[in-house]
Amino acid sequence: MDQHNHQSTTSGAVATAKPLHCIVKLGGAAITYKNELETINCDNLNIVSSQLRQAMILGPCHGMDWSRRPGSSEIPTVADDFDEQLQLESKKFVVVHGAGSFGHFQASKSGVHKGGLNKSLVKSGFVATRISVTSLNLEIVRALAKEGIPSIGMSPFSCGWSTCQRNLSTADISTVVKALDTGFIPVLHGDAVLDTSQGCTILSGDVIIRHLAEQLRPDYVVFLTDVLGVYDRPPTEPDATLLQEIAVSEDGSWSVLKPQLQDVSRQVEITVAAHDTTGGMVTKISEAAMIAKLGIDVYIVKAATDHSMRALKGQLRENIPDDWLGTVIRLAK
């Protein structure tokens with residue numbers, strides 16, 4: 001499994017005209033069917049898009065997808081009751097999504113994550129991977145725009161992001177900042193990028209989120225997944241326990257605060273799907289812990305649920321209700 005470490009490319013946080021409210025990670029397994037090639041979970045994506053609108057936008061808004069879908073005879077409609085005096089009041093969010101059943105097959109089949117652009121298979125796989133992940137990005141942007149969210153797709157490769165020895169080395173976020181300051185919602189994604197040491201690799205959405213969190217310092221971060229949160233063992237096992245609160249120390253070590261585990265020596269077990277070239281849940285927890293070290297609360301929660309709605313709205317920042325199901329990772333007090 002390939003995990004991409006992170007090296008800070010700039011020093012200090014980057015200021016935006018208005019503070020960033022939240023960075024949201026849409027897990028690939030939550031918005032696609034990971035075992036069905038390039039198949040979107042439309043029900044989940046639609047619910048997530050609606051929840052994001054409720055969390056971001058205060059007041060009325062209009063749909064923004066005015067284009068005809070390929071193969072569709074439906075004529076796009078544009079609202080004729082725009083009020084030019086009405087200013088869209090919205091909170092600043094950044095969305096980053098995983099690839100799910102998009103991109104992983106192409107990347108693993110060709111070995112893009114291992115590099116070697118001098119090989120025709122790798123170069124072809126690089127192109128194929130980007131076609132796949134950018135097509136998913138477009139569908140997510142469309143779903144958000146349909147809800148009235150002014151979303152703009154941004155690919156790390158096209159923004160000039162690159163790695164060195166699979167560590168993030170160049171990641172200029174000026175375009176992201178400009179989009180935020182202009183009132184747009186940037187939508188980034190895991191991507192195939194150039195690597196100065198091995199030619200190319202895969203940059204995961206979780207690493208992207210950590211870099212954005214370091215630079216933009218959001219109030220909180222939400223990971224939307226296909227399970228309720230982090231478990232002490234694979235959640236499919238009968239005795240798996242949901243870890244509701246994890247504290248991260250300054251040195252990077254972490255401990256479970258809630259619930260109190262009877263066997264404190266038991267290691268948290270994580271399984272990673274064989275075709276996941278970006279490290280799966282292992283990367284997610286590692287990056288979440290690094291974000292928490294910045295003093296930023298991280299919520300890992302099942303997408304398209306009441307629990308995710310509460311996390312997105314920032315209703316968990318003071319106290320975690322007993323009836324909330326998810327995992328919060330925060331800096332130890």
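Because only heavy atoms are used, hydrogens play no part in the values below, and waters and symmetry mates are left out as well, while side chains stay in.
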Open item on the list: With heavy-atom distances below 4.5 Å as the criterion, would you say the side chains of Ile329 and Ile300 are in contact?
Closed with: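 Heavy-atom side-chain distance check passes, below 4.5 Å.
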Open item on the list: Is there a salt bridge (charged side-chain N to carboxylate O under 4.0 Å, His left out) between Asp323 and Arg310? Walk through the geometry before answering.
Closed with: CA-CA 11 Å; Asp323 64 347; Arg310 293 157 81 179; 3.0 Å; yes
- [ ] Indicate whether the side chain of Ser73 and that of Arg68 have a donor and an acceptor atom separated by less than 3.5 Å.
- [x]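 Looking only at side-chain atoms, Arg68 and Ser73 do not form any donor-acceptor pair under 3.5 Å.
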TODO: Inspect the surroundings of CD in Gln165 and state if more than 12 heavy atoms from other residues, nucleotides or ligands are less than 6.0 Å away.
DONE: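 Atom CD in Gln165 is not packed in, count stays at 12 or less.
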TODO: Please answer whether the main-chain N or O of Leu243 pairs with a side-chain N or O of Tyr231 as donor and acceptor at a distance below 3.5 Å.
DONE: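 Side chain of Tyr231 to backbone of Leu243: no pair is present.
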Open item on the list: Between Ile31 and Ile140, is there a side-chain heavy-atom distance shorter than 4.5 Å?
Closed with: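 Of all side-chain heavy-atom pairs linking Ile31 with Ile140, at least one is under 4.5 Å.
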Open item on the list: Distance check, rounded to the nearest 0.5 Å: Asn41 atom CG versus Asn46 atom CG?
Closed with: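 Taking CG in Asn41 and CG in Asn46, the distance rounds to 9.0 Å.
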TODO: Would you kindly confirm whether Ile209 and Ile152 end up in one hydrophobic cluster when ILVMFWY residues are joined by side chain heavy atoms under 4.5 Å apart?
DONE: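 Linked, Ile209 and Ile152 end up in one cluster.
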Task: Gln54 and Met309, any side-chain heavy atoms less than 4.5 Å apart - done: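 Of all side-chain heavy-atom pairs linking Gln54 with Met309, at least one is under 4.5 Å.
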- [ ] Please report the closest heavy-atom contact between Thr201 and His113, naming both atoms and the distance.
- [x]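 In terms of heavy atoms, the two residues are closest at OG1-O, 3.1 Å.
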TODO: Could you tell me whether the side chain of Ser155 and the main chain of Phe157 form a donor-acceptor pair under 3.5 Å?
DONE: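 No.
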Open item on the list: Check this for me: does any side-chain nitrogen of one of Asp219 and Lys91 sit under 4.0 Å from a carboxylate oxygen of the other?
Closed with: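 Not counted as a salt bridge, because no side-chain N and carboxylate O are separated by less than 4.0 Å.
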- [ ] Measure the CZ-NZ distance between Arg166 and Lys114 for me, rounded to the nearest 0.5 Å.
- [x]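 Answer for the CZ-NZ pair, Arg166 versus Lys114, is 9.0 Å.
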Open item on the list: Closer than 3.5 angstrom, by distance alone: can the side chain of Ser124 be matched with the main-chain N or O of Leu121 as a donor-acceptor pair?
Closed with: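 A pair under 3.5 Å: no.
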Task: Distance in Å, His21 NE2 paired with Phe93 CZ, rounded so as to fall on 0.5 Å steps - done: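 His21 NE2 to Phe93 CZ: 5.0 Å, rounded to 0.5 Å.
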TODO: Check the hydrophobic clustering (I, L, V, M, F, W, Y; side-chain heavy atoms under 4.5 Å; chains of links allowed) and say if Leu331 and Leu216 are grouped together.
DONE: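 As far as the 4.5 Å side-chain criterion goes, Leu216 and Leu331 are not connected within one cluster.
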Task: Co-membership, hydrophobic cluster, residues Leu294 and Leu212, 4.5 Å side-chain - done: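 Yes, one cluster joins them.
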- [ ] Side-chain contact test, heavy atoms from C-beta onward, threshold under 4.5 Å: evaluate it for Thr175 versus Met154 and give yes or no.
- [x]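 They are in side-chain contact.
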TODO: Would you check, one step at a time, whether the test side-chain contact (heavy atoms from CB on, under 4.5 Å) holds for Leu168 with His211?
DONE: CA-CA 9 Å; Leu168 186 59; His211 177 66; 3.8 Å; yes
TODO: Following the transitive rule for hydrophobic clusters with a side-chain heavy-atom cut-off under 4.5 Å over Ile, Leu, Val, Met, Phe, Trp and Tyr, establish whether Ile23 and Val207 coincide in one cluster.
DONE: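 Per the 4.5 Å side-chain linkage, Ile23 and Val207 are co-clustered.
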TODO: Identify the heavy atoms of Ala292 and Val248 that sit nearest to each other, and give their distance.
DONE: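 That would be CB-CG2, 4.1 Å.
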Task: Gap between atom OG of Ser135 and atom CZ of Arg130 - 0.5 Å precision - done: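 It comes to 11.0 Å.
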Task: Of all pairs that satisfy side-chain hydrogen bond (donor to acceptor under 3.5 Å, both in side chains), the ones with a partner from residues 289-303, not counting sequence neighbours - done: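 Passing the test, one end in residues 289-303: Asp297-Arg330.
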Task: Donor-acceptor pair, side chain of Trp161 and main chain of Val193, under 3.5 angstrom - done: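 It does not hold such a pair.
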Open item on the list: Ser249: which residues meet the side-chain contact (heavy atoms from CB on, under 4.5 Å) condition with it, sequence neighbours left out?
Closed with: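 Partners of Ser249 by the side-chain contact (heavy atoms from CB on, under 4.5 Å) criterion, ordered by chain and then number, come out as Asp251, Ser253, Ala332.
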Open item on the list: Is it the case that atom NZ in Lys123 sees more than 12 heavy atoms from other parts of the structure closer than 6.0 Å?
Closed with: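 It does not: Lys123 NZ has 12 such atoms or fewer within range.
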- [ ] Only counting residues at least two apart or in another chain, list the ones meeting side-chain contact (heavy atoms from CB on, under 4.5 Å) with Ala303.
- [x]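 With sequence neighbours excluded, Ala303 shows a side-chain contact (heavy atoms from CB on, under 4.5 Å) to Ala30, Val48, Leu224, given in chain and number order.
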Task: Sequence-distant partners of Ser174, side chain to side chain donor-acceptor pair (under 3.5 Å), two or more places apart - done: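 Checked Ser174 against side chain to side chain donor-acceptor pair (under 3.5 Å); matches are Asp172.
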TODO: Locate the shortest heavy-atom distance separating Val301 from Ala311; write the atom from each residue and the value.
DONE: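 Heavy atoms of Val301 and Ala311 come nearest at CG1-CB, 4.3 Å.
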TODO: Indicate, with yes or no, if Val298 and Leu257 share a hydrophobic cluster defined by side-chain heavy-atom contacts under 4.5 Å among Ile, Leu, Val, Met, Phe, Trp and Tyr.
DONE: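 No.
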- [ ] Kindly give the heavy-atom pair with the smallest separation between Ser49 and Leu144, and that separation in Å.
- [x]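 Here Ser49 and Leu144 meet closest at OG-CD2, 3.7 Å.
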Open item on the list: side-chain contact (heavy atoms from CB on, under 4.5 Å) for Phe223 and Val221? Distances and angles first, verdict last.
Closed with: CA-CA 7 Å; Phe223 284 78; Val221 172; 3.7 Å; yes
Open item on the list: Can you confirm whether Val24 sits close enough to Val96 that some side-chain heavy atom of one is under 4.5 Å from a side-chain heavy atom of the other?
Closed with: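 A side-chain contact under 4.5 Å is absent here.
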Open item on the list: Whether the side chain of Thr39 engages the backbone of Leu37 through a donor-acceptor N/O pair (distance < 3.5 Å, no angle test) should be reported.
Closed with: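 Confirmed, Thr39 side chain pairs with Leu37 backbone.
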TODO: Determine yes or no for a side-chain-to-main-chain donor-acceptor pair under 3.5 angstrom, with Ser101 supplying the side chain and Lys34 the backbone.
DONE: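 Absent.
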Task: For Lys313, all residues meeting salt bridge (Lys or Arg N to Asp or Glu O under 4.0 Å), sequence neighbours excluded - done: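 Applying salt bridge (Lys or Arg N to Asp or Glu O under 4.0 Å) to Lys313 gives none.
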Open item on the list: Between Gln51 and Ser308, do the side chains contain a donor N or O and an acceptor N or O under 3.5 Å apart?
Closed with: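 Looking only at side-chain atoms, Gln51 and Ser308 do form a donor-acceptor pair, the distance falling under 3.5 Å.
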Open item on the list: Can you see whether Gln106 engages Ser110 through a side-chain donor-acceptor pair at a distance of less than 3.5 angstrom?
Closed with: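 There is no such pair (donor and acceptor under 3.5 Å, judged by atom type) between the side chains of Gln106 and Ser110.
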Open item on the list: For the residue pair Thr327 / Glu245, report whether a side-chain donor-acceptor contact shorter than 3.5 Å exists.
Closed with: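 Side-chain D/A pair, Glu245 to Thr327: absent.
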TODO: Decide, yes or no, whether a salt bridge links Arg142 with Asp65 under the criterion of side-chain N to carboxylate O below 4.0 Å.
DONE: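 Yes, Arg142 and Asp65 are salt-bridged.
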Task: Pairs involving residues 178-203, ordered by first then second residue, that meet ring-ring contact (aromatic ring centres under 6.0 Å, His included) (sequence neighbours left out) - done: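 Checked against ring-ring contact (aromatic ring centres under 6.0 Å, His included) - neighbours excluded - the pairs reaching residues 178-203 are His97-His189.
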Open item on the list: Keeping Ser197 on the side-chain end and Cys164 on the backbone end, is there a donor-acceptor pair under 3.5 Å?
Closed with: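 It does not hold such a pair.
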Open item on the list: Run the salt bridge (charged side-chain N to carboxylate O under 4.0 Å, His left out) test on Arg69 and Glu139 for me, step by step, so that the C-alpha distance in whole Å, both residues' side-chain angles and the decisive distance to 0.1 Å come before the verdict.
Closed with: CA-CA 10 Å; Arg69 287 186 166 279; Glu139 290 304 312; 2.9 Å; yes
Open item on the list: Just so I know, are the side chains of Cys22 and Val222 near enough to count as touching, which here means a heavy-atom distance under 4.5 Å?
Closed with: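 Yes, side chains in contact.
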Open item on the list: Within this structure, what is the CE-CD distance for the pair Met290 and Glu214, rounded to the nearest 0.5 Å?
Closed with: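 If we round to the nearest 0.5 Å, Met290:CE and Glu214:CD are 7.0 Å apart.
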Open item on the list: Is it true that Asp195 and Thr163 share a donor-acceptor pair across their side chains at a distance under 3.5 Å?
Closed with: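 A pair is found: one side chain offers a donor N or O, the other an acceptor, under 3.5 Å apart.
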Task: Value rounded to 0.5 Å, distance of CZ in Phe126 from CG in Leu194 - done: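 One gets 5.0 Å once the value is rounded to the nearest 0.5 Å.
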Task: Lys92 and Asp181 ion-paired at < 4.0 Å - done: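 Answer for the salt bridge query: yes.
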Task: Close side-chain approach of Ile202 and Ser204, heavy atoms under 4.5 Å - done: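 Side chain of Ile202 against side chain of Ser204, heavy atoms only: no contact under 4.5 Å found.
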Task: His104 vs Ser108 side-chain heavy atoms within contact, under 4.5 Å - done: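 No - every pair of side-chain heavy atoms lies 4.5 Å or more apart.
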Open item on the list: Whether the side chain of Glu147 engages the backbone of Ile149 through a donor-acceptor N/O pair (distance < 3.5 Å, no angle test) should be reported.
Closed with: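 No, because the side chain of Glu147 does not come within donor-acceptor range (under 3.5 Å) of the backbone of Ile149.
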TODO: State, to 0.1 Å, how close Ala179 and Pro186 come at their nearest heavy-atom pair, and which atoms those are.
DONE: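 Nearest pair, atom of Ala179 first, then Pro186: CB-CG, 4.1 Å.
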- [ ] Would you name the heavy atoms of Pro235 and Val227 that are closest together and state the gap between them?
- [x]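 Here Pro235 and Val227 meet closest at CG-CG1, 4.1 Å.
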